[in-house]
Amino acid sequence: MEILGRVPSEAGHAPPPAPPPVAYEGTWRFTAPALDSSVPQSRHAVRELLAHQRVPVDDELVESLLLIVSELVTNAVRHAALLSPEIAVEVALSRDWVRIAVEDNHPYRPVALMADQGGTGGRGLLLVTAITEAAGGVYDVDHTASGGKIVWAALPLPGAATSPPPSR
């Protein structure tokens, strides 16, 4: 039997080929001590990665991503440092999404609290949720096999298809 080629679909046309990967796709992960100084360092690392990979993001999206990084790293530093002296920050880039994740070894799921007007803190996760929802993204918390957690937010890139964000 001789194979002559691909069999066309029922409609008489072959399915369209998958689009080629884009140059900026990939996943990058770095660790940092659970210290206040890791917040600006994490922001800087994410900004540099986006620029180095030439991710098609506008200034507003970059600022949203950096605010998410700041809030997630700050929460890990403030609330998980006792059980997690080191945190991990992960940036996953796909054709349509950018996903920021912060992992620590603390087992408890963070809760967005309604902070009082006079308070100076407690609004971080509310901010992350609001930014994510406004951008049409997704925010969630996953537990790790070691008993810790990964808090993440994924935002669509400009012109993104409606495909789901990258999973871990």
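Index from 1, following the sequence. Everything numeric here is computed off the predicted structure, so don't read it as measured data. Just the heavy atoms: all of them, side chains too, but no hydrogens, waters or symmetry mates, feed the values below.
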Atom CG of Asp58 with >12 non-hydrogen neighbours under 6.0 angstrom: yes
Residue pair Ser42 / Phe30: nearest heavy atoms and the distance that separates them: OG-CE1, 3.8 Å
Ser84 (side chain) donor-acceptor with His106 (main chain) under 3.5 angstrom: no
From Leu72, Val128, Leu127, residue fulfilling side-chain contact (heavy atoms from CB on, under 4.5 Å) relative to Leu67: Leu127
Minimum side-chain heavy-atom gap Tyr139-Val151 below 4.5 Å: yes
4.5 Å side-chain heavy-atom contact, Leu157 and Asp96: no
Check: Asp104 main-chain N/O paired with Lys149 side-chain donor or acceptor under 3.5 Å: no
Atom NE2 of His143 with >12 non-hydrogen neighbours under 6.0 angstrom: yes
Smallest separation among heavy atoms of Ala88 and Arg29, with atom names: CB-NH2, 3.3 Å
Inter-residue atom distance Arg47.CZ - Leu49.CG, 0.5 Å rounding: 12.5 Å
Expected output: side-chain Ser64 to main-chain Glu60 donor-acceptor under 3.5 Å: yes
Sole candidate of Glu103, Glu86, Glu90 that passes side-chain contact (heavy atoms from CB on, under 4.5 Å) when paired with Thr31: Glu86
CG on Leu82 to CG on Asn105, rounded to 0.5 Å: 11.5 Å
Nearest heavy-atom neighbours spanning Ala81 and Val77: CB-O, 3.2 Å
Exercise: identify the closest heavy-atom pair between Thr132 and Leu155: CA-CD2, 3.7 Å
Same cluster (ILVMFWY, side-chain, under 4.5 Å), Val62 and Trp28: yes
Side chains of Leu50 and Tyr24 in contact at under 4.5 Å (non-hydrogen atoms): no
Atom pair CD1 (Ile150) and CZ (Arg99), whose distance is rounded to the nearest 0.5 Å: 6.5 Å
Side chain to side chain, Ile68 and Ile131, heavy atoms closer than 4.5 Å: yes
Exceeds 12 heavy-atom contacts within 6.0 angstrom, atom CG of Asp36: no
Connected via hydrophobic side-chain network under 4.5 Å: Val73 and Val141: yes
Test side-chain contact (heavy atoms from CB on, under 4.5 Å) applied to Ile100 and Val91, step by step: CA-CA 5 Å; Ile100 304 290; Val91 179; 3.9 Å; yes
Cluster link Trp152 to Tyr108, ILVMFWY, side chain under 4.5 Å: no
Least distance between heavy atoms, Ser38 atom then Ala32 atom: OG-CB, 3.5 Å
Non-hydrogen atoms of Pro33 and Ile87 that approach each other most closely: O-CG1, 4.5 Å
